[in-house]
Number of protein chains: 2
Amino acid sequence: MSARTTGRRERLRQATLEEIHAAARKLLVEQGSAAVTVNAVAREIGVSGPALYHYYSGHDELVGAVTAGFFRELAGAMEQARDAQAGAPIAERLLAVCRAMRAWAIGHPAEFGWIFASPITPPNLRRDSARHQAALRFEQILLDLTVELWRTRQFPVPDLAGLPESQREQLTAFSDVIGGVLPPEAVHVFLSCWIRLYGLLCMEVLHQLDFVYTDLEPVFEECLRDLAGLLDLDYSRT
Amino acid sequence: MSARTTGRRERLRQATLEEIHAAARKLLVEQGSAAVTVNAVAREIGVSGPALYHYYSGHDELVGAVTAGFFRELAGAMEQARDAQAGAPIAERLLAVCRAMRAWAIGHPAEFGWIFASPITPPNLRRDSARHQAALRFEQILLDLTVELWRTRQFPVPDLAGLPESQREQLTAFSDVIGGVLPPEAVHVFLSCWIRLYGLLCMEVLHQLDFVYTDLEPVFEECLRDLAGLLDLDYSRT
DNA sequence: GAGACCGCTTAGAGGCATTAAACGTAGATA
DNA sequence: TATCTACGTTTAATGCCTCTAAGCGGTCTC
């Protein structure tokens, strides 16, 4: 059957793609970002360098695809944590997802480094890429939980009247982008939380706090407690 | 005079070093991180590639030296802002320094990118480098102001009793490192502020918030207002 | 004035990204 | 079934990069 045989080719191709990703990841983890070269990846899977150009148009696209994979894995870990708490109160699900995010980041620092500071700079980064899609899925997880919280219990929101016009416009615009499931005021709270949570992780993984902290787990938990306070949720330690 | 002639050589060397830094910076700003190669820098200043090895032992050291220069420039901008407000209340000096920090970061995104996420990863980064020295000077500025604030007016501090043992130890250790000018409780507050301030800037410059904000100036001001609240300071807009 | 030294050059090895061209084989097709 | 085709691959080649080695002329020191 032609479908079957075509399927076979396709399967082989997928297998090779997975080999490529695994090799790239191995190089990244073991030898750092700079070691992930087209040639090195090819060597790792036992083919000549140019062979990889049948799978990716070049180094940047390869890196982008691998990074997208990391993003998906991170999002998957967070979703799994969320689903493991399926019946639990929203507070616990939110905390579980945040902790899963950090756990993955700490467990995979090199990969997380690529996620938010990949060697490919913005101009070379297309907005329609798989990488971008994966980023959206990642952001969606905490957004969804926040929306659920908003719908069921709401949470305290600031008065936007005191904010500059431009900021209010941006918050309203984002509220529209997400279909109005959160009003601009709630978007503001969501973003505040996002910034503090993600910002802390960035600093940790980029070693910006090494000068004082060797273990940031308690700091992260403090951050979570603060955020729980902002969202009027019960904070409970693991 | 021998001092004079030796001085001449030294002067020429310094001039060349400055040319190297300027060329590297130009390449970074105009063509991105990857464009800063030893060869390209050499080409830019009109010498052959290997000539640069008389100034730096290799690509990494060159990047480190250039980054240290950026650090010094950033610290200088912050110090200048501080000194411009020499007579003003501490609150205004603190705010001015923070705003100067962001202003420099926004005005020099590529350079700031190297400051906190340089292409040279930690293993290749020696702790005794000029880069590290410059980082210390940078951190010292806000630390000094915080110390002054603590000495003159103090600020609310949390009870450390509720924190995990390991965290208290780390805070105490850092308190010792800085000669006890801040007690562990105050160190905690200082670090909370530092994390929120610097974390926000990192996210901004790494384009992690592009999906919603095109202008983060109001967000930064909100952050400053929060921090002023933490430190029991009057917040005043520019 | 002679020797040491400095800053530079060219030459060269080895690696990487990428393109082009050639080749064999597995699937598709008549 | 025999042939065509397209795919996955290889080798060759270009041009860039890092870095080392060797050589050369001017400059500083004594």
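Chain letters run A, B, ... following the sequence lines, proteins first, then strands; residues in each count from 1. Model, not experiment: these values are computed from the prediction.
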Inset, instruction - Name the nucleic acid region contacted by A:Tyr55, choosing base, sugar-phosphate or nothing; use a 4.0 angstrom heavy-atom cut-off, strictly under. - result: sugar-phosphate
Inset, instruction - Check every atom of C:dT18, C:dT9, D:dT10 against the side chain of A:Val47 and return the nucleotide holding the closest atom. - result: D:dT10
Legend entry - Integer-rounded Å distance: D:dC17 C1' and B:Asp60 CG: 13 Å
Inset, instruction - Find the distance B:Glu10:CD to C:dC5:C1' and express it as a whole number of Å. - result: 14 Å
Inset, instruction - Spell out yes or no: do the side chain of B:His54 and the base of C:dC8 have one donor N/O and one acceptor N/O closer than 3.5 Å? - result: yes
Inset, instruction - Calculate the interatomic distance between B:Leu12 atom CG and C:dC5 atom C1'; express it in whole Å. - result: 15 Å
Inset, instruction - Using atom OH of A:Tyr53 as one end and atom C1' of D:dC7 as the other, report the distance to the nearest whole Å. - result: 19 Å
Legend entry - A:Gln31 CD to C:dG15 C1', straight-line distance once rounded to whole Å: 14 Å
Legend entry - Interatomic distance, A:Arg11 CZ vs C:dG27 P [rounded to whole Å]: 11 Å
Inset, instruction - Could you check B:Pro50 against A:Thr37 and say which one's nearest nucleotide on DNA chain C is further toward the 5' end? - result: B:Pro50
Inset, instruction - Can you tell me the distance, in whole Å, between the CG atom of B:Leu52 and the P atom of C:dC8? - result: 9 Å
Legend entry - OP1 or OP2 of C:dG15 under 4.0 Å from side-chain N/O of A:Arg43: no
Legend entry - Presence of salt bridge, B:Glu221 and B:Arg99, under 4.0 angstrom: yes
Legend entry - OP1 or OP2 of C:dC6 under 4.0 Å from side-chain N/O of B:Arg13: no
Legend entry - Whole-Å distance separating the NE2 atom of B:His59 from the P atom of D:dT20: 14 Å
Legend entry - Residue mapping more 5' on DNA chain C - nearest nucleotide basis, A:Ala40 or A:Ser57: A:Ala40
Inset, instruction - Give a yes/no on whether any side-chain N or O of B:Asn39 is located under 4.0 angstrom from OP1 or OP2 of D:dC17. - result: yes
Inset, instruction - Could you tell me whether a side-chain N or O of B:His59 sits under 3.5 Å from a main-chain N or O of B:Val36, the two making a donor and an acceptor? - result: yes
Legend entry - Distance-only polar pair, side chains of B:Glu18 and B:Gln14, donor-acceptor under 3.5 Å: no
Inset, instruction - Determine: side-chain N/O of B:Ser48 to OP1/OP2 of C:dT9, distance under 4.0 Å, yes or no. - result: yes
Inset, instruction - Report yes or no: does A:Glu111 contribute a side-chain atom to a donor-acceptor pair with the main-chain N or O of A:Arg25 at less than 3.5 Å? - result: no
Legend entry - Donor-acceptor contact below 3.5 Å, side chain B:Ser175 vs main chain B:Leu171: no
